Trainee: 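Dumping the structure here so I can ask a few things about it.
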Protein chains: 2
Amino acid sequence: MGTTQLESVPEPKYWHLKTVLTEALDSEFSVGEILPNERDLAARFGVARATLRQALEQLELEGRLQRRRGVGTTVAPPRVGVAVGAERHQWPGAAGDAWQPVDCASAAPPAAVADLLETDRDEQVHTVRRSRMTHGQPVAAELLYIPDSSVPDLSGIDSPSGAARARAVLRELQHLGLEGQDQSVELGSASAEDAKELDRLPGAPVLVVTTRYYAGGRTAAVSVATYRADTCRLTFGASGHVEIHHDPERRAS
Amino acid sequence: MGTTQLESVPEPKYWHLKTVLTEALDSEFSVGEILPNERDLAARFGVARATLRQALEQLELEGRLQRRRGVGTTVAPPRVGVAVGAERHQWPGAAGDAWQPVDCASAAPPAAVADLLETDRDEQVHTVRRSRMTHGQPVAAELLYIPDSSVPDLSGIDSPSGAARARAVLRELQHLGLEGQDQSVELGSASAEDAKELDRLPGAPVLVVTTRYYAGGRTAAVSVATYRADTCRLTFGASGHVEIHHDPERRAS
DNA sequence: GAGTGGTCTAGACCACGAT
DNA sequence: TCGTGGTCTAGACCACTCT
C-alpha cells in the first residue's frame, strides 16, 4: 500500500470555520462592527446554521465576538485586564477598592463556603452582594460571606437591609486585623442572579474567584466573585514591578 | 388585569435538565460512576439528544462530568487545586518546580508575545515546551518564550534539540537575577497541539495563564500555560498563611 | 463489530430589541 | 412588526474505544 494518508484526519467543519472567521476578524473587521446574521453567514459558508453557531460560540468564548439576542453579532474589543490579586492585602470595602455594595442579607451560605468558614451548615452569616464595573460595563458580581463572629459590634447598628447595611458590615470588618488571604480561580457558569447582574444569559461562562480572608488565626470572611469570562482577563499583581501596560506613548494597536 | 404572571419566563429545557442532573449527581451517583448513554438519557427525559447534550456540556464545563468518545460519560472527581501563583518567585525550571521539559525549538513567537518581550515580530526566540502532571494526569501544557539576550551563554552549548536542549536553556536562565513577575488568567480554547498534550479534544475550554518574568529592567521571558479548565482550580499563594486544605483530620466529605 | 460520544443537517418556533 | 440570536427537534453519519 503505497498510499500516503494525508488528510486521514479531516478537520471538523466548525473548526475550519472558526479558523476562517478568525482570520477575517483580524483582517477585515474592526471592533464594534456587526457581522452578517447567522442565517446569511451559514448560507455563505454552505453549512447548517447549527454548525456555524458552533464556530461562533467558540469565538465568543475566546472573547473575539459578542452576540446579543435581538441585536446581532459584533466584533468584541480586546479583553480588559482587571486587577484581582491584591498587591497590598486589605479587607473588601477598604477605601478605594473597585467594588460597589448592592445589598445585604442574612442567610445560610452554600455548603462549600460553610466548610471554608468552619461554620455549621445551617448557620446564618451576613451575605453582602457587591458589583464591579469597568468602563461603564459590569464585569463581576460578588457574594461576600461574613460570620457574625467577624463583626461582633454590628448588633448596635440598626441599618435597614440594603446597600446601607452592606456598607455598615464592611465598615465593621475594617476593625479586624487582616493576617492574609488566598485565592483560587476556576471556570463556572453564571447563575440566574449573576447573569442578570452581568448582563448575560444564565449559563454564560464565568471565572469564579474565591478569596479567603484570614484574621485571628481563622477564616474571617469568604468572597466568591464571578467575572465575565468573555470580556475579562484577570491580572495578578506585578510583584514589585510597575505596570507598564497601558502607557499611551507605546502600543499603537 | 389581575392575572399574576408566574411562569411568564419559562425556563429553557436544557437549563432545567441541568438542575435535575446536578441534583441526581449529588445524591445518586458517586465519583467515577458511568451514566447511561446520551440516547437513553434523552429518551428518559423526553427530549432530543441535542438538548440533553447542551445540559451535559455545561455540566462538563463546570467540572461535574467527564465525557470520552467511545467510552461514555462519567462522574468527575472534584477539581484539583494546582498552585500557580508563586509565593517565592523563581525562574521556570528551578529545582522542584512542577513542570517537565518536553522539547525546545527556535521560532518567531505570536505577535502578542513578541509585544510583551519587546522583540521584533519576526525575531526568533527559544521556545520551550513543558508539561505539568498531577496525580498521573496531564493538567497543563506550557510554551516558554526566551529571547537569546536572556541566555547569552547558551551558544557555547551544542545540545541537540529536544528535551536536553530545553533543560540547557532553563539552566542558563537561572543565572539571571529575577526581579519580579506578574500573571494574568483568561479563558481560552485548546489548540490542536495543546489538546493532544492535555488529552482533550481541540477547542476544549482551558485557563490560559500568561506570566511575565522581569530581569535587568525588562521582560526576560514569557510563559503561556494552558490548564484544563474542566479539572483544574488554580490557586494563588496563601499570603503568609499555611495551607490547611487537605488536613486528613478534618473534612470527611 | 458493537456501542459510545462527536459532528452535521434542515427545518421549526420562541424571546428579545429596535423601529 | 420585523429581524436578530436562542432553543429545540428527529433524524443521519462519523471517529473512537473496547472486546
Side-chain angles (χ1 to χ4, degrees), chain A residues 5 7-19 21 33-61 64-76 189-190 192 195-196 199-205 230, chain B residues 5 7-19 21 33-61 64-76 189-190 192 195-196 199-205 230:
Chain A
Q5 53 178 29
E7 294 302 20
S8 77
V9 187
E11 210 171 36
K13 282 192 188 179
Y14 78 92
W15 186 261
H16 180 240
L17 256 184
K18 199 186 111 177
T19 310
L21 285 171
E33 207 171 337
I34 76 175
L35 269 61
N37 72 54
E38 297 183 349
R39 290 160 179 87
D40 286 352
L41 272 181
R44 181 176 314 187
F45 287 109
V47 299
R49 189 174 157 221
T51 304
L52 174 79
R53 279 179 62 81
Q54 205 171 345
L56 295 185
E57 252 149 51
Q58 284 221 359
L59 289 173
E60 189 176 31
L61 200 82
R64 301 296 312 262
L65 293 180
Q66 195 154 346
R67 298 191 287 173
R68 268 175 306 171
R69 168 154 45 182
V71 180
T73 302
T74 59
V75 180
S189 48
K196 197 187 303 182
D199 191 26
R200 300 254 53 197
L201 289 179
D230 56 343
Chain B
Q5 54 177 27
E7 294 303 19
S8 77
V9 188
E11 212 171 33
K13 283 192 188 178
Y14 78 92
W15 186 261
H16 182 241
L17 255 185
K18 196 185 113 176
T19 311
L21 285 171
E33 208 170 338
I34 76 176
L35 270 60
N37 72 55
E38 297 183 349
R39 288 158 180 90
D40 286 353
L41 273 180
R44 181 176 312 186
F45 287 109
V47 300
R49 190 177 155 218
T51 304
L52 173 79
R53 279 179 60 82
Q54 205 171 345
L56 294 185
E57 253 149 50
Q58 285 222 358
L59 289 173
E60 191 176 29
L61 200 81
R64 301 296 312 263
L65 293 180
Q66 195 155 345
R67 299 192 288 174
R68 268 175 307 170
R69 169 153 45 180
V71 179
T73 302
T74 59
V75 181
S189 47
K196 196 187 302 184
D199 192 25
R200 300 255 54 198
L201 289 179
D230 55 343

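Model, not experiment: these values are computed from the prediction. Convention: sequence-line order gives letters A, B, ...; per-chain numbering from 1.
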Trainee: Round to the nearest Å and state the distance from A/Arg53 atom CZ to D/dG5 atom P.
Mentor: 9 Å
Trainee: According to a strict under-4.0 Å criterion, is B/Arg39 in side-chain N/O contact with OP1 or OP2 of C/dT4?
Mentor: no
Trainee: Tell me, do B/Asp230 and B/Arg200 make a side-chain contact under 4.5 Å, heavy atoms counted?
Mentor: yes
Trainee: Can you check the B/Leu17 CG to D/dT7 P distance for me, whole Å?
Mentor: 13 Å
Trainee: Would you say that B/Leu65 contacts B/Leu56 through its side chain, given a criterion of any heavy-atom pair below 4.5 Å between the two side chains?
Mentor: yes
Trainee: Both A/Gln54 and A/Gly70 contact DNA chain C. Taking the nearest nucleotide for each, which residue is further toward the 5' end?
Mentor: A/Gln54
Trainee: Please report the distance, rounded to the nearest Å, between CZ in A/Arg67 and C1' in D/dT7.
Mentor: 12 Å
Trainee: I need the CD-C1' distance between B/Glu38 and C/dG3, as an integer number of Å.
Mentor: 12 Å
Trainee: Just how far, in rounded Å, is P of D/dC14 from CD of A/Glu11?
Mentor: 18 Å
Trainee: Just to confirm, is there a sub-4.0 Å distance from OP1 or OP2 of C/dT9 to any side-chain nitrogen or oxygen of A/Thr51?
Mentor: yes
Trainee: Could you say whether A/Val71 or A/Ala50 is positioned toward the 5' end of DNA chain D, judged by the nucleotide with the nearest heavy atom to each?
Mentor: A/Val71
Trainee: To the closest 0.5 Å, what do you measure between OG1 (B/Thr74) and CD (B/Glu60)?
Mentor: 9.0 Å
Trainee: Students often get this wrong, so: under 4.0 angstrom with heavy atoms, is A/Leu56 touching a base, only sugar-phosphate, or nothing?
Mentor: nothing
Trainee: Once hydrogens and angles are ignored, does a donor-acceptor distance under 3.5 Å link the base of D/dG6 to the side chain of A/Arg68?
Mentor: no
Trainee: Tell me whether the side-chain N/O atoms of A/Thr73 come closer than 4.0 Å to OP1 or OP2 in D/dT4.
Mentor: no
Trainee: Can you tell me how far C1' of C/dC8 sits from CZ of A/Phe45, to the nearest Å?
Mentor: 17 Å
Trainee: Between B/Gln54 and B/Lys13, does a side-chain contact (heavy atoms from CB on, under 4.5 Å) hold up when you go through it step by step?
Mentor: CA-CA 10 Å; B/Gln54 205 171 345; B/Lys13 283 192 188 178; over 6 Å; no
Trainee: D/dT4 phosphate, OP1 or OP2: any side-chain N/O from A/Asn37 under 4.0 angstrom?
Mentor: yes
Trainee: Ignoring backbone atoms, test whether A/Arg49 places a side-chain nitrogen or oxygen under 4.0 Å from the OP1 or OP2 oxygen of C/dT9.
Mentor: no
Trainee: Taking all non-hydrogen atoms of both residues, which atom of B/Leu21 and which atom of B/Ala55 are closest, and how far apart?
Mentor: CD1-CB, 4.4 Å
Trainee: From CG of A/Leu65 over to P of D/dT4, roughly how many Å is that when rounded to an integer?
Mentor: 16 Å
Trainee: What is the separation between atom CZ on A/Arg69 and atom C1' on D/dC8, rounded to the nearest whole Å?
Mentor: 13 Å
Trainee: So, is A/Tyr14 near the phosphate of C/dT7, with a side-chain N or O under 4.0 Å from OP1 or OP2?
Mentor: yes
